[in-house]
Amino acid sequence: MTTDGAGDGMAPPMVVSGGPHPDIERVLVSSAQIQRRLRELAAEIDRDYAGRQPLLVGVLKGAFIVMADLARYVTVPLEFDFMAVSSYGSATKTSGVVRILKDLDLDIAGRDVLVVEDIVDSGLTLNYLLRNLRARGPASLEVMTLLSKPDQTRVEIPMRYHGFAVPNVFVVGYGLDYAERYRSLPYVGTLKPAVYDPS
Ligand code: IMP
């Protein structure tokens, strides 16, 4: 992990001259690192799914950024669908009780399904989703997650494609939010404590 910021020439306009957003305390995974890893994972996906047409299932909202970038590095033909779920719990911790807010549009029976996630923390959300999707009879069901935290003692999630392990801290950026903000940052970082407690 580095703290080298987001400057790799690919950053969108909201990042001013390579410096991180003023609310960011530390960049944990830079934009360049993310893009490099996504290219590597896309090459693995190309090899593993050669001759097939996988269906990428993005878990909203967090996965929309990683899904869009990953998909543009993959060369096998892809189809896309999305699910939206809400986890009951506090602002920064899930309880494992998941409600489906938006279900898939497509029937996944007999399909090669690759679930794309932003982060696996306790794994409770994904554990619920995988059980739900498995019951629909896909030909295969795999997981790609950009990030994982070391806190997955409660359930074991088979992560076939994995980007980066981050420490057990709350992170934002690259799809991940705090109170719906910071999703569009092109890197993953921690917030300054004052952002949580502005008093
Ligand atoms: P889990 O059920 O504990 O694995 O939590 C999964 C979901 O919680 C993720 O898909 C995120 O939406 C959210 N989440 C977990 N950790 C973080 C974080 O550090 N920042 C932002 N969202 C997080």
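Both counts, for ligands and for their atoms, begin at 1 and track the order of listing.
Taking the six-membered ring for Trp, Tyr196 and Tyr178 have ring centres closer than 6.0 Å.
Not a single heavy atom of Lys61 sits under 4.0 Å from any atom of ligand 1. Taking a 4.0 Å cut-off on heavy atoms, Ile119 registers as neighbouring ligand 1. Using a 4.0 Å heavy-atom cutoff, Val169 is listed among the residues neighbouring ligand 1. Within the 4.0 Å heavy-atom shell around ligand 1 one does not find Gly62.
For a threshold of 3.5 Å applied to N or O pairs, the pair formed by Val172 and ligand 1 contains no separation below that value. For ligand 1, none of its N or O atoms has an N or O atom of Asp177 under 3.5 Å away. The shortest N or O to N or O distance between Val171 and ligand 1 is below 3.5 Å.
Residue contact check: Lys149 has heavy atoms under 4.0 Å from atoms 16 (N), 17 (C), 18 (C), 19 (O) of ligand 1. The distance from ligand 1 to the heavy atoms of Glu117 drops below 4.0 Å at these ligand atoms: 10 (O). Interface of Thr125 with ligand 1, defined as ligand atoms under 4.0 Å from a residue heavy atom, comprises 1 (P), 2 (O), 5 (O), 6 (C).
In this structure, CG on Asp177 lies 11.0 Å from CG on Leu185, to the nearest 0.5 angstrom. Interatomic distance, CE of Met159 versus CG of Leu147, reported as 10.5 Å (0.5 Å rounding).
Contacts between Leu176 and ligand 1 below 4.0 angstrom, taking non-hydrogen atoms only, involve the side chain exclusively.
The two residues Asp81 and Leu55 have their closest heavy-atom pair at N-CD1, 4.1 Å.
The aromatic rings of Tyr49 and Tyr161 are tilted relative to each other, their planes meeting at an angle between 30° and 60°.
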- Query: Should Leu28 and Val169 be marked as a side chain to side chain contact (heavy atoms under 4.5 Å, CB included) after you check the CA-CA gap, both sets of side-chain angles, and the distance that decides it?
  - Reply: CA-CA 11 Å; Leu28 296 181; Val169 291; 4.2 Å; yes
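Looking at Arg111, its side chain never comes within 3.5 Å of a backbone N or O of Leu141 through a donor-acceptor pair.
Looking at heavy atoms from C-beta onward, His21 lies out of side-chain contact with Val172 at the 4.5 angstrom threshold.
Summarising the contacts of atom 10 (O) of ligand 1 with Leu147, Val85, Asp118, the nearest heavy atom is found in Asp118.
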